[in-house]
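Here the structure is laid out as structure tokens; the discussion comes afterwards.
Every value quoted in this text rests on a predicted model; they were computed, and no experiment measured them.
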Amino acid sequence: MCLYHNENFYNAKILEIEEIEGVNHYVIHYIGWNKRYDEKLPFGSERMSKGSVGELGWVESERQIPDSEQSPDSQRFNVGEEFVLMSIYKVPYTANIVEIKQIENRNYYVVRIHGWAPEYDETLPFGSIRMLKGTVQEYYSRRARIRNG
């Protein structure tokens with residue numbers, strides 16, 4: 001997996017190794033993304049980590065992932081289930097699924113952050129990368145392990 005410019009981890013693969021000005025670089029492709037987002041990162045880059053986004057707890061959007069790499073059923077959520085909801089400012093909150101509904105033939109979760117009023121509920125599509133399995137504490141532990149190698 002690789003840390004993209006906006007500080008989010010995404011599943012990626014190494015396409016090749018290329019030498020640039022005497023320094024070896026990995027050519028990185030983000031899985032399911034257009035090749036225009038491919039990057040060249042020098043060996044030892046802290047933005048790269050072995051493993052997958054699923055090990056960090058992220059549930060990636062299935063629209064970005066080829067059929068062969070879609071999330072298993074274990075990454076789906078059920079009504080009442082607690083999980084970590086990442087705010088748009090990258091702050092993790094404990095939340096739960098209030099309802100599952102379908103809008104224009106697409107499935108959505110209605111989610112509520114613990115302690116927040118129902119008017120702040122969010123409706124997120126299945127596979128939203130803002131939804132993580134586990135607890136906030138587990139999220140911080142996984143993130144620390146990944147960043148520390």
Side-chain angles (χ1 to χ4, degrees), residues 1-78 81-97 100 102-114 116 120-149:
M1 68 182 164
C2 193
L3 190 62
Y4 193 66
H5 299 286
N6 63 0
E7 296 289 321
N8 281 331
F9 282 103
Y10 295 96
N11 286 326
K13 64 182 175 180
I14 298 170
L15 297 178
E16 62 181 292
I17 295 173
E18 186 176 306
E19 186 177 324
I20 302 172
E21 297 178 2
V23 177
N24 285 329
H25 286 68
Y26 293 111
V27 178
I28 303 297
H29 174 73
Y30 294 94
I31 297 172
W33 293 31
N34 187 296
K35 66 180 181 180
R36 73 175 173 261
Y37 295 105
D38 290 0
E39 296 187 85
K40 295 174 184 174
L41 298 175
F43 279 23
S45 172
E46 293 182 4
R47 291 179 45 207
M48 297 172 61
S49 179
K50 288 186 177 183
S52 70
V53 171
E55 291 169 3
L56 181 63
W58 288 98
V59 178
E60 287 194 276
S61 170
E62 293 176 358
R63 287 173 286 133
Q64 298 177 347
I65 302 173
D67 288 344
S68 62
E69 300 181 32
Q70 286 191 9
S71 301
D73 288 340
S74 64
Q75 299 249 332
R76 304 277 189 262
F77 296 89
N78 299 307
E81 185 174 351
E82 288 189 356
F83 64 97
V84 178
L85 175 66
M86 293 300 290
S87 75
I88 58 173
Y89 302 107
K90 313 275 187 295
V91 176
Y93 290 96
T94 301
N96 69 297
I97 305 297
I100 295 176
Q102 195 172 60
I103 302 171
E104 297 180 2
N105 295 322
R106 209 158 161 222
N107 293 318
Y108 290 85
Y109 296 112
V110 178
V111 301
R112 181 173 300 151
I113 295 174
H114 286 199
W116 289 35
Y120 297 105
D121 288 358
E122 288 190 58
T123 301
L124 299 172
F126 274 32
S128 172
I129 64 170
R130 293 182 50 212
M131 299 171 69
L132 295 79
K133 289 283 187 176
T135 66
V136 171
Q137 183 178 6
E138 290 168 341
Y139 164 77
Y140 281 121
S141 293
R142 284 189 302 260
R143 186 171 174 143
R145 278 194 311 271
I146 289 167
R147 286 187 181 235
N148 294 329

Quiz item: So, Arg130 side chain and Met86 main chain: donor-acceptor pair closer than 3.5 Å or not?
Solution: yes
Quiz item: How would you list, by chain and number, every residue that makes a salt bridge (charged side-chain N to carboxylate O under 4.0 Å, His left out) with Glu18, sequence neighbours excluded?
Solution: Lys40
Quiz item: Do the ring planes of Tyr109 and Phe126 sit parallel (below 30°), tilted (30 to 60°) or perpendicular (above 60°)?
Solution: parallel
Exercise. Would you list the pairs meeting salt bridge (Lys or Arg N to Asp or Glu O under 4.0 Å) in which at least one residue belongs to residues 20-37, sequence neighbours left out?
Key: none
Quiz item: Which distance, rounded to the nearest 0.5 Å, do you find between the CD of Glu82 and the CG of Asn96?
Solution: 6.5 Å
Quiz prompt | Contact summary for Arg142 and Lys133, nearest pair of heavy atoms | solution = NH2-O, 3.1 Å
Self-check item: From CE (Met48) to SG (Cys2), nearest 0.5 Å
Solution: 6.0 Å
Quiz item: When rounded to the nearest 0.5 angstrom, what is the spacing between CG in Leu41 and NE2 in His25?
Solution: 7.5 Å
Quiz prompt | Heavy-atom closest contact (Pro92 atom, Lys90 atom, distance) | solution = CD-O, 3.8 Å
Quiz item: When rounded to the nearest 0.5 angstrom, what is the spacing between CD in Glu46 and CG in Leu3?
Solution: 10.0 Å
Exercise. Check whether NZ of the Lys or CZ of the Arg Lys13 lies under 6.0 Å from the centre of the six-membered ring of Tyr26 and within 45 degrees of that ring's axis.
Key: no
Practice problem: Kindly indicate whether the side chain of Ile28, heavy atoms from C-beta on, has any atom under 4.5 Å from the side chain of Ile14. | Solution: yes
Practice problem: Mind checking ring pair (Phe, Tyr, Trp, His ring centres under 6.0 Å) for Tyr30 and listing every partner two or more places apart, or none if nothing turns up? | Solution: Tyr4, Trp33
Quiz item: Residues in side-chain hydrogen bond (donor to acceptor under 3.5 Å, both in side chains) with Asn24, at least two apart?
Solution: none
Quiz prompt | Flag side-chain contact, heavy atom, 4.5 Å: Phe77 against Val111 | solution = no
Quiz item: Quick check: are there more than 12 heavy atoms from other residues, nucleotides or ligands sitting under 6.0 Å from OH of Tyr120?
Solution: no
Exercise. Apply ring pair (Phe, Tyr, Trp, His ring centres under 6.0 Å) to Tyr89 and list each qualifying residue two or more places apart in sequence or on a separate chain.
Key: none
Exercise. Mind listing the closest non-hydrogen atom pair of Leu85 and Ala95 along with its distance?
Key: CB-CB, 3.9 Å
Quiz prompt | Closest non-hydrogen atom pair between Ile100 and Ile97, with its separation | solution = CG1-CG2, 4.1 Å
Exercise. Could you tell me the separation between the CZ atom of Phe83 and the OG1 atom of Thr94, rounded to the nearest 0.5 Å?
Key: 9.5 Å
Practice problem: Go through the structure and list residues passing ring pair (Phe, Tyr, Trp, His ring centres under 6.0 Å) with Tyr93, not counting sequence neighbours. | Solution: Trp116
